[in-house]
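In this text the structure is predicted, and so the values were computed from the model without any measurement. Naming: A, B, ... by sequence-line order, numbering from 1 per chain.
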Amino acid sequence: MKVVEKEFYENDTDFVAKELIGKKLTRILEYENITYKLGGIIVETEAYGHDDDSASHAYIGISNRNKIMFEKTGCAYIYLIYGKHYCFNVTARNEKKKAGAVLIRALYPEKGIDIMSKLRNTTELENLTSGPSKLSQALCINKDINGMDLTQNNTIWIEYGIKPDAIGCTSRIGISRAKEVPWRFVMLDKNQQNYLLNPYVSKRKDIIKIIED
DNA sequence: CGAAGGATCGTCT
DNA sequence: GACGATCCTTCGT
């Protein structure tokens, strides 16, 4: 296991979002006095920029909520959405930008499935971590880890994983501005280059292009 | 299985 | 005072 280093997050935010596909998000959790390792493979991400991106929280400038997006790269940016859900982001940007983050939208569940099932109140694998707030609930992610450095030895980190056969690129989900910006990325299977058949990602968009190696 | 609507509260105007 | 980088339930086919 190798934790993704800080330098990785010092690239263009959309590049980082694409390259995070196939890496693994891992979370250490104390549950009923036992320490568990939870997590899975990142299969869906979205990039959010600064003043170049009207859909981004950072578009309006620095505020109490979004200030993590302007601070160190490789850190967790957590926010509450719709009054009850949390979303998990990693701060990432090149040295010329002042803010940026990648929203982790879905995981392929691998570790601690029994605990994640309890936290999610479902045993359906396809419903455990197939959404930004679903995975936050499954990994017990909330404001407590806002700003946490994901490149240090903490209770949550991102590590190197697998190389995807292909990656699909689409516009982002659930936004009202900058609807056409193609900054959503999903893992594709070589045999079924149609992400609609990937049960772990949001099924709401058409692929704009397919990125192969 | 898809569409529609409610939940719920921090954040910004 | 309005809205949101969402999820879940209900209702109809």
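In terms of phosphate contacts, A:R120 brings a side-chain nitrogen or oxygen within less than 4.0 Å of OP1 or OP2 of C:dC8. For B:dT11, neither phosphate oxygen OP1 nor OP2 lies less than 4.0 angstrom from any side-chain nitrogen or oxygen of A:S63. OP1 or OP2 of C:dT6 lies within a sub-4.0 Å distance of a side-chain N or O belonging to A:R105.
Of the two residues contacting DNA chain B, namely A:I60 and A:H85, the nearest-nucleotide position lying further toward the 5' end is that of A:H85. Each of A:G83 and A:S130 was matched to the nucleotide of DNA chain C holding its nearest heavy atom; the match closer to the 5' end belongs to A:G83. Comparing A:Y79 and A:N127, the nucleotide of DNA chain C nearest to each residue sits closer to the 5' end for A:Y79.
Rounding to the nearest 0.5 Å places OG of A:S56 at 7.5 Å from CZ of A:R172.
Taking atom NZ on A:K84 and atom P on B:dG10, their separation rounds to 14 Å, with Å as the unit. One can place OH of A:Y77 at 9 Å from C1' of C:dA5, the figure rounded to the nearest angstrom. Atom P of nucleotide B:dT13 and atom CG of A:N64 are separated by 13 Å, given to the nearest angstrom. Atom-to-atom, CD of A:E126 to C1' of B:dC1 comes out at 14 Å; the value is rounded to the nearest Å. Rounded to whole Å, the distance from CD on A:Q137 to P on B:dA7 is 19 Å. Between the C1' atom of C:dT6 and the CZ atom of A:R172 lies a distance of 16 Å, rounded to the nearest Å. Look at CD on A:E46: it is 10 Å from P on C:dA5, rounded to the nearest Å. Taking atom CG of residue A:N66 and atom P of nucleotide C:dA5, one finds them 12 Å apart after rounding to whole Å.
In A:Y9, the OH atom is crowded: over 12 heavy atoms of neighbouring residues, nucleotides or ligands sit closer than 6.0 Å. The environment of A:K209 atom NZ is sparse: at most 12 non-hydrogen atoms of other residues, nucleotides or ligands sit within 6.0 angstrom.
Evaluation of A:Y82 against the base of B:dA7 yields no stacking contact (centre distance < 5.5 Å, interplanar angle < 30° required).
Scanning DNA chain C for stems, defined as runs of 3 or more consecutive Watson-Crick or G-U wobble pairs whose donor-acceptor distances all fall under 3.5 Å, gives the following ranges: B:1-7 with C:6-12, B:9-12 with C:1-4.
For the pair A:K24 and A:Y108, the cation-pi test (distance below 6.0 Å, angle within 45°) is failed.
Using a 4.0 Å heavy-atom criterion, one finds that A:L80 contacts the sugar-phosphate atoms exclusively. Residue contacts for A:R65: at a heavy-atom cut-off of 4.0 Å it reaches the sugar-phosphate backbone alone, with no base atom in range.
Listed nucleotides: C:dG4, C:dC7, C:dA5. Nearest to the side chain of A:S133: C:dC7.
Using a distance-only test at 3.5 Å, with no hydrogens or angles considered, no donor-acceptor pair links the side chain of A:N154 to the main chain of A:I156.
Counted by atom type alone, A:T73 and A:K6 present one or more donor-acceptor pairs between their side chains at under 3.5 Å.
The one candidate from A:R93, A:K98, A:K96, A:K97 that meets the salt bridge (Lys or Arg N to Asp or Glu O under 4.0 Å) condition with A:D52 is A:K97.
Contact annotation: the side chain of A:M187 never approaches that of A:E44 to less than 4.5 Å [non-hydrogen atoms, C-beta and beyond].
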